[in-house]
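Everything below concerns the one structure shown next.
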Amino acid sequence: IFSSRTVQESLLDTLGDFLAEHFPLPQQQGNANKKKKNFSPPSTVDLISLHEILELLMNKMFETPHEPYVTIDESFWPPYIEMLLRHGIALRHPENCYKIRLEAFHQ
């Protein structure tokens, strides 16, 4: 059990490092690539990272499996949500477009 926890922690750290490097928040990008349009969100909105979005979705799925949907608000950066939806990682609620859930890969 100790070995599996060590492996799990190592995998989570590696995933966190990967997400931080390849999916930074818009205000952290700066002028690294002039071909891409720079997005500057309103200063009143604190966007959450892709890592935090995935963590919210995973926690919600395991804490309340009967209602695994997370409500999207202005702190979720729309390109991250669109990417999760397009690649089949997350699904929209059939009746409320402001709710998403993690795809049940374990079933």
Side-chain angles (χ1 to χ4, degrees):
I1 296 175
F2 179 73
S3 176
S4 65
R5 284 190 181 161
T6 306
V7 170
Q8 179 186 9
E9 289 176 10
S10 173
L11 286 173
L12 289 175
D13 288 341
T14 304
L15 176 63
D17 294 342
F18 177 83
L19 291 173
E21 180 179 344
H22 296 286
F23 296 97
L25 287 172
Q27 64 263 25
Q28 294 174 348
Q29 288 180 354
N31 291 328
N33 190 351
K34 294 190 179 212
K35 290 183 181 179
K36 293 182 179 178
K37 293 180 182 177
N38 288 334
F39 173 77
S40 56
S43 60
T44 58
V45 176
D46 289 330
L47 297 176
I48 60 175
S49 67
L50 182 59
H51 185 266
E52 292 171 316
I53 293 170
L54 290 171
E55 189 174 330
L56 280 169
L57 290 168
M58 286 187 281
N59 288 339
K60 187 70 170 173
M61 176 180 254
F62 288 112
E63 289 172 2
T64 56
H66 56 280
E67 181 57 37
Y69 290 95
V70 173
T71 303
I72 301 171
D73 59 15
E74 62 273 352
S75 66
F76 289 74
W77 195 38
Y80 286 164
I81 300 303
E82 187 66 30
M83 180 189 64
L84 293 173
L85 292 169
R86 282 189 181 186
H87 295 287
I89 298 168
L91 299 171
R92 283 204 191 271
H93 190 279
E95 297 172 3
N96 185 346
C97 66
Y98 294 107
K99 290 186 175 187
I100 62 170
R101 72 171 174 90
L102 193 64
E103 174 66 69
F105 294 110
H106 64 283
Q107 293 179 348

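It should be emphasised that the depicted structure is a prediction, and the values quoted were computed from it without experimental measurement.
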Inset, instruction - Without swapping roles, check the side chain of E52 against the backbone of S49 for a donor-acceptor pair under 3.5 Å. - result: yes
Legend entry - Shortest non-hydrogen separation from P65 to P68 and the atoms involved: O-CD, 3.6 Å
Inset, instruction - Please confirm whether the backbone N or O of L91 pairs with a side-chain atom of R101, one donor and one acceptor, at under 3.5 Å? - result: no
Inset, instruction - Indicate the atoms forming the closest heavy-atom contact of T71 with K99, along with that distance. - result: OG1-CE, 3.6 Å
Inset, instruction - Please confirm whether the backbone N or O of E95 pairs with a side-chain atom of H93, one donor and one acceptor, at under 3.5 Å? - result: yes
Legend entry - Sidechain-backbone polar pair: T64 side chain, K60 backbone, donor-acceptor under 3.5 Å: yes
Legend entry - Spatial distance of atom OG (S10) from atom CG (L15) [nearest 0.5 Å]: 11.0 Å
Legend entry - Considering all heavy atoms, the nearest A90-L85 contact: O-CD2, 3.5 Å
Inset, instruction - Measure the spacing between CE of M58 and CD of E63 and express it to the nearest 0.5 Å. - result: 11.5 Å
Inset, instruction - Please tell me if the side chains of L25 and Y80 come closer than 4.5 Å, counting only heavy atoms from C-beta onward. - result: yes
Inset, instruction - For R5 and E9, run salt bridge (Lys or Arg N to Asp or Glu O under 4.0 Å): C-alpha distance rounded to whole Å, both residues' side-chain angles, the deciding distance at 0.1 Å, then the answer. - result: CA-CA 6 Å; R5 284 190 181 161; E9 289 176 10; over 6 Å; no
Legend entry - L50-W77 co-clustered via ILVMFWY side chain contacts under 4.5 Å: yes
Inset, instruction - Check the pair F76, I53 against side chain to side chain contact (heavy atoms under 4.5 Å, CB included), reporting the backbone distance first and the verdict last. - result: CA-CA 8 Å; F76 289 74; I53 293 170; 3.7 Å; yes
Inset, instruction - Would you mind reporting whether L57 and I89 have side-chain heavy atoms less than 4.5 Å apart? - result: no
Inset, instruction - Tell me whether F62 is reachable from L12 by hopping between hydrophobic residues (I, L, V, M, F, W, Y) whose side-chain heavy atoms are closer than 4.5 Å. - result: no
Inset, instruction - Look at the side-chain heavy atoms of Ile, Leu, Val, Met, Phe, Trp and Tyr, link any pair under 4.5 Å apart, and say whether I81 and L56 land in one connected group. - result: yes
Inset, instruction - Measure the shortest side-chain to side-chain distance between L102 and L84 over non-hydrogen atoms and say whether it is less than 4.5 angstrom. - result: no
Inset, instruction - For L19 and L54, work out which heavy atoms get closest and say how close. - result: CD1-CD1, 3.9 Å
Inset, instruction - Could you tell me which non-hydrogen atom of L47 sits nearest to which non-hydrogen atom of E74, and how far apart they are? - result: CD2-O, 3.6 Å
Legend entry - Mutual orientation of the aromatic rings belonging to F18 and H22 [parallel < 30°, tilted 30-60°, perpendicular > 60°]: tilted
Inset, instruction - Specify the closest pair of heavy atoms between F23 and M83, including all atoms of both residues, with the distance to one decimal. - result: CE2-SD, 3.5 Å
